[in-house]
Amino acid sequence: MLVSTLGMSTTPDHDVLVAGAGPVGLMLAAELALAGVRVVVVERRTEPDTAPRAAGINTASAEAFERRGLLPAVEAVQGRLPFQGDRKRAPFAGHFGGIHVPAGAVDEQDPVLRGRGPHWFLAVPQAEVERILGERAAELGVEVRTGVEVRGFDADEEGVTVHLHDGDGDSSDGGGDAVRVAWLVGCDGGRSLVRRLAGFEFAGTDPLITVRQATGTVEGAELLGRGWQHTPTGVYHYGPMPGWIRTVELDGPPADREAPVTAAEMDASLRRVSGIDVRVSEVAEGGTRFTDHARQATAYRRGRVLLCGDAAHVHSPFSGQGLNLGLGDAVNLGWKLAATVRGWAPEGLLDTYTGERHPVGAGVLDWTRAQVAAMRGDTYSGALRAVVTDFLGTRDGATLYARRISGLGQRYDLGDGHPMVGALMPRLRLDDGSRPADHAHGGRALLVDLTGDDEQAAELAALAEPYAGRLELLRGSSEGAGVSGLLVRPDGFVAWASATGGTAGLEAALTRWLGDAGKG
């Protein structure tokens with residue numbers, strides 16, 4: 001419940017409190033700290049979550065890590081995984097509702113995908129992503145309080161007083177802690193307390209299925225086959241990690257999502273779905289259940305309270321969209337909230353967070369709903385699955401799929417003009433051997449001059465100079481780039497581009513996204 005702040009100081013102890021130290025909360029905290037924001041993260045867990053969850057990050061997330069200098073750490077984890085083998089021979093680009101999408105059918109010369117494939121996911125377990133981001137947050141001086149959770153808060157026009165519980169009592173009865181912050185961000189998962197207490201509307205659809213997953217010992221595993229298998233009673237998957245089992249049953253949600261997943265439960269579920277005489281003799285701790293419950297907050301901000309990641313949207317994780325959707329939220333919100341805290345944000349900048357990310361989230365919810373529709377065992381779903389299978393086997397179908405699951409197909413409506421505006425920045429190689437991402441480690445926007453013309457360079461430099469603290473000016477050339485100049489926001493999306501060497505529209509774009517150069 002909300003608790004009174006009578007007598008509390010209105011001076012913020014921190015600029016931002018992030019509730020939740022999963023990958024999304026840590027990514028957001030790191031982005032804020034990089035911009036000089038005082039941020040504290042609270043997490044009710046006392047130990048990292050090692051349960052098998054997301055198994056990888058997509059290309060858009062990998063490029064976000066690259067822009068902050070973290071991609072080598074991610075690739076190092078992938079290189080240590082025992083099941084990777086020769087990734088160049090991976091036969092599938094992924095799956096849609098258990099329908100394998102042939103990698104060979106993807107058009108790698110598609111304008112969106114060119115130079116970024118052929119693999120649209122990096123196989124890195126979510127626990128490792130969380131570890132890497134935790135180390136990054138620590139390097140940036142982020143305070144992370146474990147064993148602490150939000151119990152209540154009061155928000156007003158100037159900030160939020162947050163009451164915390166640390167296991168020894170809470171601030172409403174004299175124990176625990178209460179902190180005053182300018183902003184509160186709920187990154188506290190699908191059952192977000194922050195979302196509920198703040199009164200966000202959470203609209204959507206109820207669950208139809210139960211998915212169980214665990215890592216265990218399977219006797220007779222060689223009979224199961226590899227990859228997704230459809231049966232009259234559901235869908236199951238074995239691998240790629242040894243002993244990793246997933247079953248999909250079409251009989252509604254489980255009676256108790258939180259009860260430990262036992263070997264007996266996984267054994268019975270796998271037998272029901274597969275119809276094969278196998279035996280699950282043990283499972284490791286950390287097995288999970290989930291459903292296709294699909295809901296989304298109608299807005300991601302209410303005054304001084306914001307939502308990010310699963311707190312803003314829940315859905316089934318089919319095709320590995322959840323972690324990447326949340327990381328995209330954090331990258332989009334981080335620089336905008338930092339600009340607001342630092343005082344240089346142009347009017348309405350923070351509201352573009354909902355405007356840009358809500359449609360992306362809604363698209364992912366529908367993407368996962370469509371997969372459940374194709375998974376059901378009835379005659380109509382079987383017919384739909386046959387049509388979708390044929391489509392995904394075509395060049396156009398497989399390419400559309402790769403654009404979606406890689407994250408490279410997402411666009412924001414940032415205005416008319418060059419086709420690159422609103423898309424992730426192209427993966428250029430400059431003539432000095434670097435990429436623009438190599439110059440984005442500090443979290444600033446980039447203005448990339450590729451004209452090779454001294455007069456043009458002087459004009460760009462004059463426009464960039466007032467924004468020196470918010471903008472990095474690069475000058476070079478990139479053969480075949482198809483563009484002479486780019487303004488790239490801190491989240492990697494192109495806000496202005498020119499194919500002619502001119503600067504028309506650049507000054508307006510700088511003001512729109514970087515505000516008044518005299519503020520902050």
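In what follows, every heavy atom counts, from backbone to side chain, and hydrogens, waters and symmetry copies are set aside.
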Between atom CG of Asn332 and atom OG1 of Thr352, what is the distance when rounded to the nearest 0.5 Å?
6.0 Å
Test item: His439 and Ser434 side chains (from C-beta on) under 4.5 Å apart, heavy atoms
yes
Approximate separation, where rounding is to 0.5 Å, of Glu282 CD and Thr262 OG1:
12.5 Å
For Asp15 and Arg38, indicate whether the former's side chain and the latter's backbone hold a donor-acceptor pair under 3.5 Å.
yes
Residues Glu249, Ser269; criterion side-chain hydrogen bond (donor to acceptor under 3.5 Å, both in side chains); working and verdict
CA-CA 8 Å; Glu249 298 199 62; Ser269 181; 2.7 Å; yes
Find the distance between CZ (Arg302) and CD (Glu201) and round it off to the nearest 0.5 Å.
10.0 Å
Would Arg145 and Glu43 pass as an ion pair if we require N to O under 4.0 Å?
no
In plain terms, say whether Arg45 and Glu130 are close enough for a salt bridge, that is, a side-chain N and a carboxylate O under 4.0 Å apart.
yes
If the threshold is 4.0 Å, N to carboxylate O, is there a salt bridge linking Glu258 and Arg289?
no
Just checking, Arg195 and Phe202: is the charged tip under 6.0 Å from the six-membered ring centre and within 45° of the axis?
yes
Between Asp366 and Arg369 (salt bridge meaning N to carboxylate O under 4.0 Å), is one present in this structure?
yes
Heavy-atom check, side chain of Leu486 versus side chain of Trp496, under 4.5 Å:
no
Please confirm whether the backbone N or O of Ala398 pairs with a side-chain atom of Arg403, one donor and one acceptor, at under 3.5 Å?
no
Should Arg67 and Glu31 count as an ion pair when the cut-off is N to O under 4.0 Å?
no
Does some side-chain heavy atom of Val181 sit less than 4.5 Å from a side-chain heavy atom of Val16?
no
Does the side-chain contact (heavy atoms from CB on, under 4.5 Å) test come out yes or no for Trp183 and Leu17, once each step is laid out?
CA-CA 6 Å; Trp183 299 88; Leu17 185 145; over 6 Å; no
Is the number of heavy atoms from other residues, nucleotides or ligands under 6.0 Å of Glu47 CD greater than 12?
no
Looking at side-chain heavy atoms only, is the closest gap between Arg68 and Leu34 below 4.5 Å?
yes
Reported CG-to-CG distance for the pair Leu350 and Leu333, which is rounded to 0.5 angstrom
6.5 Å
Keeping Arg136 on the side-chain end and Ala30 on the backbone end, is there a donor-acceptor pair under 3.5 Å?
no
Given Val194, Val162, Val185, the one that forms side chain to side chain contact (heavy atoms under 4.5 Å, CB included) with Val305:
Val194
Determine whether the aromatic ring centres of Trp367 and Phe96 lie less than 6.0 Å apart.
yes
Quick check: does any side chain N or O of Gln296 sit under 3.5 Å from a backbone N or O of His358, one acting as donor and the other as acceptor?
yes
Which is it for Glu63 and Arg435 under the salt bridge (Lys or Arg N to Asp or Glu O under 4.0 Å) test, yes or no, and what are the steps along the way?
CA-CA 11 Å; Glu63 292 187 4; Arg435 296 187 185 277; over 6 Å; no
Apply the ring pair (Phe, Tyr, Trp, His ring centres under 6.0 Å) test between His95 and each candidate in Phe121, Tyr401, Trp120, Trp228; give the one that qualifies.
Trp228
I'd like to know if the side chain of Arg357 pairs up with that of Tyr412 as donor and acceptor (distance under 3.5 Å, no hydrogens or angles considered).
yes
Arg342 side-chain N/O to Ala35 backbone N/O, donor-acceptor pair under 3.5 Å
yes
Donor-acceptor contact present, side-chain Glu66 to main-chain Ala437, <3.5 Å:
no
Looking at side-chain heavy atoms only, is the closest gap between Val211 and Thr291 below 4.5 Å?
no
Contact summary for Pro125 and Val77, nearest pair of heavy atoms:
CD-CG1, 4.3 Å
Closer than 3.5 angstrom, by distance alone: can the side chain of Thr340 be matched with the main-chain N or O of Ala345 as a donor-acceptor pair?
no
So, Asn58 side chain and Ile405 main chain: donor-acceptor pair closer than 3.5 Å or not?
yes
Just so I know, are the side chains of Thr288 and Arg212 near enough to count as touching, which here means a heavy-atom distance under 4.5 Å?
no
Taking Ile209's backbone N and O only, do any of them form a donor-acceptor pair with Asp292's side chain (distance below 3.5 Å, no angle check)?
yes
Under 3.5 Å: donor-acceptor pair, side chain of Arg44, backbone of Ala19:
no
Output side-chain donor-acceptor pairs under 3.5 Å for residues 307-315, partner residues at least two apart or in another chain, one line each.
residue: His313; atom: ND1; partner: Gly309; partner atom: O; Å: 3.3
residue: His313; atom: NE2; partner: Gly309; partner atom: O; Å: 3.3
residue: His313; atom: NE2; partner: Asp329; partner atom: OD2; Å: 2.7

Can you confirm whether the side chains of Thr399 and Asp396 place a donor and an acceptor under 3.5 Å from each other?
no
Using 0.5 Å steps for rounding, measure from the CG atom of Asp107 to the CZ atom of Arg114.
8.5 Å
